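Quick caveat: nothing in here was measured; it's all calculated off a predicted structure.
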Amino acid sequence: MPVGPSSAGWVPCRVVVCRDCCCGSTKVTGVDHAEQSARLAEAAPVRISDCLDVCDQANVVVVQPSSVGRAAGGRPAWFGLVNDPAATEDIATWVRAGGPGVAAPPEILDLYAFTPPRRARSGPLRDVG
């Protein structure tokens, strides 16, 4: 039996976008931060986070696996320096394909992937509507 949006207990991928001191600010020039968040929100629910303590990677996007992806061993995927529309589109395409644990990410995302520090702090999250 397929597991998806109509299945009980199914949770989709979620995307967390850092938007605080560096990410989402004028410190990262040439990026339409609102458009980036909106574009990602077309692929999955997006939450806006306060600082994730990886300012050297601004703009940071974290893709959290769906319930199916997590059950298959998927873990959150962290991407940094997501500063152009093509990178945003690559992430959105992967999320639409199922994201962590469900679909292999496009090889191009290897350029943006990084391992976060173990003790990254995050502030409150806000949903993008």
Heavy-atom side-chain contact between [X] and [Y] under 4.5 Å:
X	Y	value
Val102	Val68	yes
Val54	Pro117	yes
Val63	Pro100	yes

Restricting to non-hydrogen atoms, name the atom on [X] and the atom on [Y] that form the minimum distance, rounded to 0.1 Å.
X	Y	answer
Asp56	Leu81	O-CD2, 3.9 Å
Asn83	Asn59	OD1-ND2, 3.1 Å
Gly24	His33	CA-CD2, 3.1 Å
Gly98	Ser66	O-OG, 4.4 Å
Pro76	Val62	CB-CG1, 4.0 Å
Cys13	Pro45	O-CD, 3.3 Å

field: Verify same cluster id: Val31, Val15 (apolar side-chain graph, 4.5 Å)
entry: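 Val31 and Val15: separate clusters.
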
task: Identify whether Phe114 and Val28 are in the same connected component of the hydrophobic contact network (ILVMFWY, side-chain heavy atoms under 4.5 Å).
output: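 No; tracing contacts between hydrophobic side chains, which count when under 4.5 Å, never links both residues.
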
Working for side chain to side chain contact (heavy atoms under 4.5 Å, CB included), residues Ile48 and Ser37: CA-CA 8 Å; Ile48 303 298; Ser37 296; 3.8 Å; yes

task: Using side-chain contact (heavy atoms from CB on, under 4.5 Å) as the criterion, list what pairs up with Ala103, not counting sequence neighbours.
output: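 Ala103 satisfies side-chain contact (heavy atoms from CB on, under 4.5 Å) with Trp94, Ala97 only.
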
Starting at [atom1] of [X], measure out to [atom2] of [Y] and round the result to the nearest 0.5 Å.
X	Y	atom1	atom2	value
Thr88	Phe79	OG1	CZ	11.5 Å
Thr115	Trp78	OG1	CH2	10.5 Å
Arg70	Gln64	CZ	CD	7.5 Å
Ser25	Arg19	OG	CZ	9.5 Å
Cys18	Leu52	SG	CG	4.0 Å
Gln36	Cys23	CD	SG	9.0 Å

- prompt: Quick one: salt bridge (Lys or Arg N to Asp or Glu O under 4.0 Å) pairs with a partner in residues 89-117, sequence neighbours left out?
  reply: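 Non-adjacent pairs meeting salt bridge (Lys or Arg N to Asp or Glu O under 4.0 Å): Arg39-Glu89, Glu89-Arg96.
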
message: I'd like to know if the side chain of Asp20 reaches the main chain of Asp50, judged simply by a donor and an acceptor atom lying under 3.5 Å from each other, with no hydrogens or angles considered.
response: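 No, Asp20 side chain to Asp50 backbone: no donor-acceptor pair under 3.5 Å.
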
query: Between Val82 and Val60, does a side chain to side chain contact (heavy atoms under 4.5 Å, CB included) hold up when you go through it step by step?
result: CA-CA 6 Å; Val82 182; Val60 174; over 6 Å; no

